[in-house]
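Here the structure comes first, spelled out in C-alpha cells, and everything after it is commentary.
Along the sequence shown, residues are numbered consecutively beginning with 1.
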Amino acid sequence: MKDSTIPLRSEVAQSDQWNLSKLFSSDAEWNKALKEITPAKDAILKYQDAFASPETLTAETTLACLQAVEAAEIKLEKVQHYAFLMKSADESDPKNIERVSLAMMAGTALASETSWFVPALLNIPEKNILSWIEPSGTTGTAFAPYRVFIEKLLRLKAHTLSEKEEKILSLLGESEAVAKRSFSTLTNVDLRFGTIETPEGPKELTQSSYSQLLLNPDRKIRQQTYMQLYGTFDTYKNTIASLYTGQVQQNIAHARIRGYNSAREQALYPDKVPTEVYDNLIHTIRKNLAPLHRFYTILQKSLGVDELRHYDVYVPLVSEVQRHTTYTEAVDMITEALQPLGSEYVTTLRNGLLGGWVDRYENKGKRSGAFSSGGFEGDPYILVNYKEDVIRNVFTLAHEGGHSMHSWYSSRNNPFLSYDYTIFEAEVASTFNEELLFRYMLKNTSDPKMRAYLLSVKVTDTLATLYRQTMFAEYEHITHKLVEEGTPLTIDNLRSEYRKLLTAYFGPAMHFEECSDLEGLRIPHFYNSFYVYKYATGISASLALAERVVSGGKAERDDYFKFLTSGGSRYPLESLKIAGVDMASPAPIEAACKHFAHLVTELEQALAAL
C-alpha cells in the first residue's frame, strides 16, 4: 500500500479486506436470505388476529409470536448488515447500491406490516405478562430470552399510543426527516464555498476540506478559509435557521404527543437517564472551564499571535512526528497496550484484527473515516483507511477495536432482542482502549517531540469530546427550552445564544469574528437531537474505568467485563455502576476535568522541553 495511487477494490489483496463469509459466502446466498424475509414476516402476521383479544391470549401464543418476531429481525439484521458493509467498501459498485436499497425496502415492509405488534403486546393485561416472564414461574424459562425486552417495553407503555396512532406517526417518519436531509443536501451538495489558494495550488473549499485547511500553518490561508465558509453560511442563514427551527418544533411536538414534560426528557427516557445527569454534566463542566481557558492561552503563546482567533484553534501544537508504523506493528502495539484486560480479550481482538474483521486500506469508492459494525451474527467488522505514516491511525484502530470487542461480548452473552448496547455506553469501550494505548505509548517513548505530540493529541481529543460536546449539548437544551417556554426561535436569538456559549467556553484569550456565531448553524449533530452529551459522559466514564482497571486487580477488571457483557440487558447507568462508575453523580465529570487539567500541565512542560 506504499504506492500513492488509490487502487480499485478488485486490486486490494484479500488478506487486507474483511471476510464477510460468516454473514454470507456469496451474492446468491444473500439473495436467498433476502427472499426469506417475506415468509418470516408472514409468520408474524398469522398471530395478529389472536392478539386482537388480549384478555384471552395465552402464554404459548405470545411466546410463539415473540419467537417469530425474533427470527424475522435476526434475518433482516444479517441481510442489512451485509449490504451496508459491501456498500461501505465500494460505493462505486452499482450492485452494492442496489443491495442496500433492496435491504431497506425489506426492512420498511417488515416494520410497517408488523407495526401492530408492540401496541398489541402492551395491550395484554400487565398481570398476565408479568406472571409469564417471572423467572420462578412455570413459563419463566421459556420467556427468559424476552424478559428484558418486555420489561423495557412495559416501561414505555405510558408513552405508547394506540395502534392506529402509532401507525400514523410511523407513516410520518420519512417526511419528518426532511429538515435533516435538506440541511445535509444544502450544506454538503448545493452550497458552493469557492476555492482557496494554497502553495500547492487552488483547493476547493468544502465541508470536508474546511477542517484540513484550518490545520494549515499559514494563518492567512486559515483566515480566508474561515471567512469564506462563514460568508456563504451568512448568505443562507435564514434558510438554515428555519430548518433547525423545524427540527426543534418537531421534537417538541412528539414529546407533547407522547406525554413527556419536554423534548429532552423524551430523548433520555428510553435509556432511563434522568435529566439531572444532563444538568450535572453542564453544571460540572461550567465549573471547570479554567483548564480549557489555560489551554487556549498556551496555544496563543505557542502560535506567537497577539490575539487568538477562532480559525487558529485547530492548528497542531506539535507537528506530526515522522514515524512509520505498519498495520501489523500497530496491532502489536495495541496488543501490548491492552494487556491489563487479560488474555481472552487481547487474544480475541488480535486474532480479529489480523484475521478478517478489518477492511484495512483505502480503495476507490470506499467510505472515508472509520467505524465498527457488529451484529448478532458474524464478526464485529471494522472499516479503516489505515495509513502507515499517520500515528493517529493506530489510535483509530484501537478505538474501533474497543467498539468491536464490546459488540463481541454483548452478542455472546445476551439474547437477540436485548443484546445491543446503547449509544450512551458505546463510546466507553472505545475511548477506554485509546486511553490504555496513550499510556503505553507515553511510557515507552524517550523522544521529547514524540512525548509532546502524544500529549497534544490527547489534550485536543479530550477537549473535543468532553468540553465541545458539552457546549453543543447546552445549546440544544437552550434552544428547545426557549420554544417550550413560548419564545420562538429566530436567526437573531439563535446567534445570540450560541455567541454566549462561545465566549464562555473559549475564554478571554479568544477573539471572535462577527460571523463566528454562525457555527451553530453548521453542526449536523443538532439534527440528531440530544445525543451529543453522550460523548462527554462516555469519555468521563472511560477515563474513570481505565484508571480503576489499571490501578486495581482482578476484581476491578471483572467489574469492567460485567459492563462489556451487559449488552442491552441493563440500562446504561446500571451497567456502568456495576463496572465501578456512577454517572448519576458529578464525580466522574469532576475527575475527567481534573485529568484534563493534568494533561494540560504535562503538555505545557513538554512544550517547554522542546
To check you understand the geometry: which heavy-atom pair defines the closest contact between Thr139 and Ser131, and what is its length?
OG1-O, 4.2 Å
Start with the C-alpha distance between Glu474 and Tyr505, add both sets of side-chain angles, then the distance that settles side chain to side chain contact (heavy atoms under 4.5 Å, CB included), and finish with yes or no.
CA-CA 11 Å; Glu474 186 171 357; Tyr505 278 78; 2.8 Å; yes
Roughly how far apart are Phe596 CZ and Leu543 CG, rounded to 0.5 Å?
11.5 Å
Atom CD1 in Ile129, atom CG in Asn123: separation rounded to 0.5 Å?
10.5 Å
Taking the six-membered ring for Trp and the full ring for Phe, Tyr or His, determine whether the centres of Tyr260 and His254 are under 6.0 Å apart.
no
Answer yes or no: is there an ion pair linking Glu547 with Lys594, defined by an N-O contact shorter than 4.0 Å?
no
Mind checking whether Ile252 and Arg256 have side chains closer than 4.5 Å, heavy atoms only?
yes
Would you call Lys562 and Asp559 a salt bridge, taking side-chain N to carboxylate O under 4.0 Å as the test?
yes
Between atom CG of Leu292 and atom CG of Leu466, what is the distance when rounded to the nearest 0.5 Å?
9.0 Å
Aromatic centroids of Phe526 and Phe183 separated by under 6.0 Å:
no
At what distance, to the nearest 0.5 angstrom, does NE2 of His480 lie from CD of Gln247?
7.0 Å
Which label fits His598 and His595: parallel for a plane angle under 30°, tilted from 30 to 60°, or perpendicular past 60°?
tilted
Side-chain donor or acceptor of Gln339 paired with backbone N/O of Thr335 under 3.5 Å
yes
Using the six-membered ring of Phe24, assess whether NZ or CZ of Lys78 lies under 6.0 Å from its centre and within 45 degrees of the ring axis.
yes
Can you list the steps and then say if Val69 with Thr114 is a side chain to side chain contact (heavy atoms under 4.5 Å, CB included)?
CA-CA 9 Å; Val69 168; Thr114 61; over 6 Å; no
Any chance NZ of Lys22 has more than 12 other-residue heavy atoms, nucleotides or ligands included, within less than 6.0 Å?
no
Among side-chain atoms of Glu165 and Ser162, is any donor-acceptor pair under 3.5 angstrom?
yes
How long is the span from the NE2 atom in His283 to the CG atom in Asn288, to the nearest 0.5 Å?
9.5 Å
Can you label the angle between the Tyr381 ring and the Trp18 ring as parallel, tilted or perpendicular, going by 30° and 60°?
perpendicular
Which heavy-atom pair separates Ser566 from Asn414 by the least distance, and what is that distance?
O-OD1, 3.2 Å
Salt bridge or not between Lys458 and Glu435? Use side-chain N to carboxylate O under 4.0 Å.
yes
Between the side chains of Asp279 and Arg264, is the shortest nitrogen-to-carboxylate-oxygen separation below 4.0 Å, so that they form an ion pair?
yes
Are Leu130 and Leu154 close enough, and set up right, to give a side chain to side chain contact (heavy atoms under 4.5 Å, CB included), and what steps lead you there?
CA-CA 10 Å; Leu130 287 176; Leu154 288 174; 3.8 Å; yes
Take Leu341 and Asn433 through the side chain to side chain contact (heavy atoms under 4.5 Å, CB included) test and state the conclusion after the steps.
CA-CA 10 Å; Leu341 291 175; Asn433 280 13; 4.0 Å; yes
Would you say that Leu576 contacts Phe424 through its side chain, given a criterion of any heavy-atom pair below 4.5 Å between the two side chains?
yes
Once ring-ring contact (aromatic ring centres under 6.0 Å, His included) is applied, do any residues pair with Tyr47, and if so which ones, sequence neighbours excluded?
none
Beyond-backbone contact of Ile423 with Asp271, side-chain heavy atoms, under 4.5 angstrom:
no
Can the ring centroids of Phe395 and Phe438 be said to lie less than 6.0 angstrom from one another?
no
Does the side chain of Thr62 reach to within under 4.5 Å of the side chain of Phe143, using non-hydrogen atoms?
yes
For Phe563 and Tyr560, take the angle between the two ring planes, folded into 0 to 90°, and tell me which bin it lands in: parallel under 30, tilted 30 to 60, perpendicular over 60.
tilted
Could you tell me if Thr431 and Ser542 have a donor-acceptor pair between their side chains, going purely by distance under 3.5 Å?
yes
Could you verify whether a donor N or O on one side chain and an acceptor N or O on the other, from Tyr533 and Glu476, lie under 3.5 Å apart?
no
Heavy-atom side-chain proximity of Ile285 to Cys593 below 4.5 angstrom
yes
Residue pair Glu55 / Pro125, side-chain heavy-atom distance below 4.5 Å
yes
Ignoring hydrogens and geometry beyond distance, is a side-chain donor-acceptor pair present between Lys180 and Asn528 at under 3.5 Å?
yes
What about Phe371 and Phe84, are their ring centers closer than 6.0 Å?
yes
Could you tell me which non-hydrogen atom of Pro415 sits nearest to which non-hydrogen atom of Phe376, and how far apart they are?
C-CE1, 4.0 Å
Is Arg392 paired with Glu434 through a side-chain N to carboxylate O contact shorter than 4.0 Å?
no
Salt-bridge criterion met for Glu574 and Lys577 (N-O under 4.0 Å):
no
Which residues satisfy the side-chain hydrogen bond (donor to acceptor under 3.5 Å, both in side chains) test with Asn128, sequence neighbours excluded?
none
With no hydrogens and no angle check, just 3.5 Å: does a side-chain donor-acceptor pair link Thr479 and Tyr244?
yes
Taking the side chain as C-beta and beyond, is there a heavy-atom pair between Pro145 and Phe416 under 4.5 Å?
no
When you compare the side chain of Leu564 with that of Trp408, does any pair of heavy atoms fall below 4.5 Å?
no
Ring centres under 6.0 angstrom apart (Phe472, Tyr535)
no
For Glu344, side-chain hydrogen bond (donor to acceptor under 3.5 Å, both in side chains) partners two or more places apart:
Tyr409
Row check, Tyr527 ring normal vs Arg181 NZ/CZ: under 6.0 Å, within 45°
no
Roughly how far apart are Tyr146 OH and Ile133 CD1, rounded to 0.5 Å?
13.5 Å
cation_pi(Lys152, Tyr571) dist<6.0 Å, angle<=45
yes
Are His81 and Ser373 linked by a side-chain donor-acceptor pair shorter than 3.5 Å?
yes
